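So that the names make sense, note that chain A is the first sequence line, chain B the second, and so on, each numbered from 1. These figures come from a predicted structure and were not determined experimentally.
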Amino acid sequence: MEQYDHRKIEKKWQKVWEEENTFATDEDLSKPKSYILDMFPYPSGEGLHTGHVKVYTASDIYARYKRMNGFRVLHPTGWDAFGLPAERFAIKHKIHPRVAVDNNVATFKRQMKSVGFSYDWEREIDTTDPKFYKWTQWMFLKMYEKGLAYESYQPIVWCPTCQTGLSNEDLEGNACEICGTVAEKKLMRQWVIKITEYADRLVEDLDILKDWPESFKEAERNWIGKSEGSEIDFKIDGMDKKFTVFTTRADTLFGATYTVLSPEHKLVAELKSNITNWDEVLQYQKIAGEKTEIERTSEGKEKTGVKLEGIFAINPANQDKLPVFIADYVLVHYGTGAIMAVPAHDDRDYEFAKKFNLPIKVVIEPVTGEVKENEEKRKSIVAIVRDPKNGKILSLNWGEKFGGQLFIGGGIEDGENAESTAIREIKEETGYSEIRLVGTSETIHHHYFAHSKGVARNIDAIGLHFELIGNKQELTSQDESERGKFKVEWITEEEAEKKVSDPLHQYVFQKFIKNKVYTGNGILTESPDFSGLSSEEAKIKITKFVGGKMKTTYKLRDWVFSRQRYWGEPIPIIHCESCGVVPVPEKDLPVVLPDVKAYEPTGTGESPLADIPEWVNTKCPKCGGNAKRETNTMPQWAGSSWYYLRFIDPKNDKALVDEKKEKNWSPVDVYVGGAEHATRHLIYARFWHKFLYDLGIVSTKEPFMRLESVGLILAGGGVKMSKRLGNIVNPDEIVELYGADTLRIYEMFMGPFGQASAWDTKSIIGPRRFLERVWKLQEKISSDENYTESDNTIMVLNQTIKKVGEDVEEFKFNTAISQMMILVSTLESEENISHKSFNELLLLLSPFAPHFAEELWEIVGNEKSMNKAVWPIYDESKLTGGKVVIAVQINGKLRETLEFLSNVSEDEIKEAVMNSPRVKSWILDKKIKKTIYIKGRMFSIVLE
RNA sequence: GCCCGGAUGGCGGAAUGGUAGACGCUACAGACUUAAAAUCUGUUGGCCUAUAGGUCGUGUGGGUUCGAGUCCCACUCCGGGCACCA
């Protein structure tokens with residue numbers, strides 16, 4: 001027997017696969033299809049890393065498995081090669097990005113081939129290839145045609161030293177990562193895509209995606225941030241001007257005590273002549289404008305703003321005159337960029353109101369507890385008594401059964417008001433009477449079940465806040481029996497927050513002591529015709545009453561689709577001196593990126609393309625007059641938003657994808673990649689797909705039916721692999737030392753595919769030993785054609801076929817591998833093994849360790865190529881081996897295990913259990929209360 | 001602050017509400033060897049004990065259940081994402 005030499009074997013089979021084009025896509029339409037895709041790589045100069053190998057191995061195993069199961073499989077890859085890193089690299093090393101990308105691609109391709117991925121390389125695509133980006137540009141023109149692409153001035157983050165625009169990743173805090181200068185904002189003309197027009201469908205259709213992780217769908221929902229509310233107009237007092245606010249809480253309109261515009265709101269300038277503190281306003285606008293988003297948010301919760309002196313808005317509900325502020329906590333790009341502020345029922349408005357000393361008007365009465373049937377109405381009070389000397393609060397400890405820790409509560413009796421009730425209850429229950437009322441709450445509607453009385457109650461409670469002014473405590477004897485039920489305790493705020501679990505009492509505490517405002521829904525008060533309504537009802541009625549309209553808004557913003565960069569797809573637009581914006585005619589596509597020597601930033605913020613007059617200057621396709629080309633390029637996201645469609649028909653120069661072929665292969669059945677793409681890439685691609693669906697180019701609503709998320713590979717110690725820490729593992733070294741097959745198995749065996757796990761080079765030896773043991777098994781193959789292994793081995797073999805198949809379907813590669821290890825141990829314990837069993841083991845192993853399996857397949861004399869072989873089938877009747885082991889529990893504890901034939905009856909088991917000496921010794925003379933039998937698993941005895 | 005995950009031996013991890021720790025690594029002991037490596041065999045959660053057996057044990061505290069790593073409630077810690085979203 002020859003030694004297992006991975007270097008020889010892996011090269012040999014990679015050559016065979018390449019020469020025979022083994023993994024060319026099967027176009028036999030009689031077979032079911034499976035389109036298996038991983039998120040294609042960005043070919044960086046760093047080369048392939050272990051994380052790539054993890055994703056690509058998983059999809060490769062799945063693809064090979066599907067082929068063996070009779071599917072026609074599309075499993076391609078390509079290069080997402082436009083973007084900033086390549087351009088940076090080019091500037092730094094004076095290498096043209098085209099050259100750098102080609103070099104990097106060559107490295108990636110060599111590395112990927114060395115790991116043995118079964119891609120159909122004939123379908124390789126590259127987003128920077130004009131034949132590819134012709135179609136990216138074509139689709140941009142379609143979006144322009146449909147009114148989805150528009151020009152707009154948008155702020156970019158700008159480094160005044162580097163004279164270049166920065167992405168968020170280029171920022172270190174609020175400063176440029178490269179030179180350390182504090183970044184500014186600069187308004188640039190941008191192309192923007194109206195993705196918001198698809199927001200609703202992007203949310204709705206998440207329901208189609210049954211095989212996406214819930215966490216991805218939730219992340220998309222949050223990113224899109226759908227919110228239902230009302231738009232309501234506020235007139236400016238004494239002027240023919242108004243602004244619109246967006247609110248989800250129209251029910252609180254009567255509680256609005258001021259309004260806020262975002263500093264960038266266009267009405268501010270229109271009001272200039274009437275604003276008496278214009279200088280102050282201007283200065284605030286300037287400061288807010290200079291702040292980067294990071295600065296604006298890193299200042300914590302401290303609210304800032306400026307009142308527009310001389311300006312009042314009219315509350316359309318009650319015609320109150322409200323002050324108008326500008327403040328940067330109101331964002332220009334969300335809702336309408338203006339809010340009505342209701343400090344009594346919104347945390348931010350409350351903070352702002354406190355700081356600027358604005359009135360706070362309660363219009364919602366809280367509802368606590370849960371509404372029950374047949375409730376009895378009551379009126380009561382909850383009193384908080386605080387000792388200002390030590391901050392402690394008076395409480396009654398009723399014990400676990402009677403409500404636990406509470407403050408002082410009680411029913412309002414005839415002839416009493418809330419205050420007199422509270423004073424009486426405090427005196428009766430605690431003996432304190434030297435107190436002073438400092439606050440009274442609104443009515444609180446509390447629903448609860450009074451266990452002592454056996455009735456459901458709906459009480460209208462009033463909270464009262466007292467301060468202790470004297471320590472005199474007089475207890476009268478007639479109250480003693482009542483007082484025996486509880487203990488009077490002074491507790492700290494922390495204890496009160498933790499121990500008082502009753503929602504009503506906790507609410508009153510939060511209101512008075514923690515100064516919390518009530519932001520939930522409730523029942524309206526102080527809202528003339530609407531008082532007594534629920535929030536839900538009032539939202540609609542009040543909106544209607546003031547002539548507003550119900551409106552859905554999204555957090556999702558339109559997609560800024562241009563970059564002032566060289567290395568991207570040119571936006572196919574021409575600016576004509578007389579016709580204005582003219583799209584490049586389809587016949588002139590692609591607009592090829594010119595080959596230039598310099599691609600440094602221009603210093604004006606414009607794309608380097610702007611400095612190439614022979615490219616920029618052109619003739620208008622419409623009138624023939626002088627015109628200039630658009631010099632902005634597309635973002636890196638553009639190509640990756642539709643590349644999966646091009647794999648279906650990568651060489652087509654008539655269409656981005658042939659209609660028939662699209663129907664044959666779309667959609668992607670399994671898409672594998674990282675959770676960092678849960679929002680942007682996947683939302684952009686889903687949007688793009690829906691746009692193409694509307695054009696009739698694709699036949700499905702969604703591009704990716706199932707999504708498998710990969711977990712990070714961390715370095716030892718659970719930290720991220722990074723160049724800086726010098727802990728990056730290069731897959732080349734592992735392939736050289738242990739072999740690609742070992743690397744593949746190691747990465748799949750590390751842990752659950754979707755979970756992060758730490759690289760541990762010394763553990764790689766385990767998978768390598770496993771392969772060595774399989775290698776040695778070939779010596780045990782019996783020459784006797786009719787040789788059969790023991791029943792036990794047959795059982796394990798069948799179990800393994802079942803488990804590996806099921807686990808691969810579910811991307812549970814780690815447990816599939818451990819089951820194969822169990823099979824190998826079992827086969828090793830046999831004197832000899834059959835040719836058939838060994839072949840089946842190789843077939844199970846082949847998706848995981850393809851070179852290794854091919855070699856052994858050939859060595860043991862199989863005629864047909866392994867890649868034409870089919871996945872083994874297990875025999876249902878041989879999964880159990882005819883025996884069952886029954887665990888015996890007594891009072892829930894394992895006391896015995898007994899083995900039976902699998903056709904054993906419950907009575908036989910019971911008899912054997914009762915006769916077991918060990919069981920008898922546990923039962924002794926105790927009575928058996930009951931027995932429970934779980935078929936084929938366990939027998940449980942419960943003793944009295 | 002909000003959202004989403006997670007917590008099981010020395011380590012990576014396994015476990016349809018039913019024998020916790022499969023499988024692998026490490027470590028220890030033994031075999032082979034002049035020796036080492038490799039390989040093979042055995043042991044490897046703690047404690048008490050004889051290798052029988054017992055007892056504790058899946059981040060913490062409660063609960064449901066004959067039975068909880070798994071379900072429910074409250075909390076702690078760790079990781080990831082988002083950032084004043086009206």
Side-chain angles (χ1 to χ4, degrees), chain A residues 213-219 221-223 225-227 229-230 245-249 252 260 262 293-294 296-303 327-331 333-342 345-349 351-352 498 501 553-557 675-676 678-679 709 711-712 714 716 718 720 745-746 749-752 754-767 769-770 772-773 776 812 814-822 825 828 885-897 918 921 929-943:
Chain A
E214 206 43 57
S215 61
F216 275 59
K217 292 199 262 185
E218 199 52 35
R221 280 189 200 105
N222 291 341
W223 186 271
K226 183 174 177 173
S227 143
S230 318
V245 305
F246 174 73
T247 177
T248 55
R249 293 302 302 273
T252 63
V260 188
S262 71
E293 221 156 285
I294 290 159
R296 226 157 127 160
T297 55
S298 63
E299 275 182 22
K301 295 278 177 193
E302 179 74 9
K303 297 276 176 293
D328 64 8
Y329 84 94
V330 174
L331 308 173
H333 51 68
Y334 183 74
T336 56
I339 62 159
M340 63 181 214
V342 185
H345 303 294
D346 181 278
D347 291 326
R348 290 155 310 192
D349 296 347
E351 255 178 82
F352 191 87
K498 266 199 164 158
S501 56
T553 334
Y554 303 90
K555 274 202 259 186
L556 184 74
R557 304 181 212 168
E676 68 274 21
T679 47
S709 146
L712 278 180
L714 304 168
K720 276 189 186 164
I745 292 179
Y746 170 68
F749 190 57
M750 286 174 85
Q755 203 175 286
S757 43
W759 185 270
D760 179 20
T761 299
K762 73 173 186 291
S763 288
I764 298 172
I765 193 67
R769 280 183 196 145
F770 166 63
E772 302 266 8
R773 285 161 63 199
K776 274 189 202 149
K812 285 151 92 174
N814 55 333
T815 49
I817 292 165
S818 80
Q819 182 62 40
M820 287 191 280
M821 287 172 169
I822 291 168
S825 298
E828 278 173 340
V885 177
I886 303 291
V888 181
Q889 286 184 359
I890 298 171
N891 284 348
K893 288 201 193 265
L894 178 76
R895 295 303 183 192
E896 172 72 299
T897 53
R918 203 177 289 168
S921 76
K929 202 157 112 189
K930 66 170 167 176
T931 62
I932 298 150
Y933 174 58
I934 308 294
K935 195 164 184 299
R937 298 205 70 109
M938 61 103 45
F939 191 91
S940 183
I941 300 168
V942 186
L943 299 176

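Checking B:rU19, B:rG12, B:rA86 against every side-chain atom of A:Phe246, the shortest atom distance belongs to B:rA86. With B:rU55, B:rG24, B:rG13 as the choices, the nucleotide that has an atom nearest any side-chain atom of A:Ser757 turns out to be B:rG13. Residue A:Thr247 has its side chain nearest to B:rA86 when only B:rG53, B:rA86, B:rG24 are considered. Closest approach to the A:Ile339 side chain among B:rU19, B:rG13, B:rA86 is made by B:rA86 (side chain taken as heavy atoms from C-beta onward). Nearest nucleotide to the side chain of A:Asp328, out of B:rC84, B:rG12, B:rA14: B:rC84. With B:rG18, B:rU26, B:rC3 as the choices, the nucleotide that has an atom nearest any side-chain atom of A:Glu218 turns out to be B:rC3. The side chain of A:Arg918 lies closest to B:rG53 when the candidates are B:rA86, B:rG53, B:rU19. Between B:rG24, B:rA22, B:rC84, one nucleotide has an atom nearer to the side chain of A:Arg773 than all others, and that is B:rG24. Here B:rC3 is the nucleotide among B:rU19, B:rC3, B:rA15 with the atom lying nearest to any side-chain atom of A:Asn222.
Look at A:Arg769 and you won't find any side-chain N or O under 4.0 angstrom from OP1 or OP2 of B:rG24. At least one side-chain nitrogen or oxygen of A:Lys893 sits closer than 4.0 Å to the OP1 or OP2 atom of B:rC56. Note on A:Arg895: every side-chain N or O is 4.0 Å or more away from OP1 and OP2 of B:rU19. Residue A:Lys762 places none of its side-chain N or O atoms closer than 4.0 Å to OP1 or OP2 of B:rC25.
A salt bridge does not link A:Arg769 to A:Glu772: none of the charged side-chain nitrogens sits closer than 4.0 Å to a carboxylate oxygen.
Ring pair A:Trp223/A:Tyr554: centre-to-centre distance not below 6.0 Å.
Across all strands shown, B:rA74 forms a Watson-Crick or G-U wobble pair with B:rU60, both key distances being under 3.5 Å. In this structure, B:rC2 forms a base pair with B:rG81, meeting either the Watson-Crick or the G-U wobble geometry with both donor-acceptor distances under 3.5 Å. With a cut-off of 3.5 Å on both Watson-Crick or G-U wobble distances, the partner of B:rA37 is given as none. Remark: B:rC23 base-pairs with B:rG12. Criterion, Watson-Crick or G-U wobble with two distances under 3.5 Å. B:rA86 is unpaired under the Watson-Crick or G-U wobble criterion, no partner having all donor-acceptor distances under 3.5 Å. In this structure, B:rU44 makes no Watson-Crick or G-U wobble pair, since no nucleotide meets both defining distances under 3.5 angstrom.
For A:Ser940 against B:rC66, a side-chain-to-base donor-acceptor contact under 3.5 Å is present. With hydrogens and angles ignored, a donor-acceptor pair closer than 3.5 Å exists between the side chain of A:Lys303 and the base of B:rC84. With hydrogens and angles ignored, no donor-acceptor pair under 3.5 angstrom links the side chain of A:Gln889 to the base of B:rG67.
Annotation: cation-pi pair A:Lys303/A:Phe352 absent, no NZ/CZ under 6.0 Å from the ring centroid and within 45° of its normal.
Toward the 5' end of RNA chain B, the nearer of the two residues A:Gln755 and A:Val942, judged by each one's closest nucleotide, is A:Gln755. Each of A:Ser763 and A:Glu214 was matched to the nucleotide of RNA chain B holding its nearest heavy atom; the match closer to the 5' end belongs to A:Glu214.
The backbone N or O of A:Gly229 sits nowhere less than 3.5 Å from a side-chain atom of A:Thr248 that would complete a donor-acceptor pair.
A 4.5 Å side-chain heavy-atom check between A:Glu828 and A:Arg773 finds at least one atom pair inside the cut-off.
Taking CD1 of A:Ile890 as the reference point, atom OG of A:Ser940 lies at 9.0 Å (rounded to 0.5 Å). Distance check, rounded to the nearest 0.5 Å: CD of A:Glu896 to CZ of A:Phe939 gives 12.5 Å.
Using a 4.0 Å heavy-atom criterion, one finds that A:Val342 contacts no nucleic acid atom at all.
Put simply, CG on A:Asp760 is 16 Å from P on B:rG24, counting in whole angstrom units.
Base orientation of B:rG9: syn (glycosidic angle within 90° of 0).
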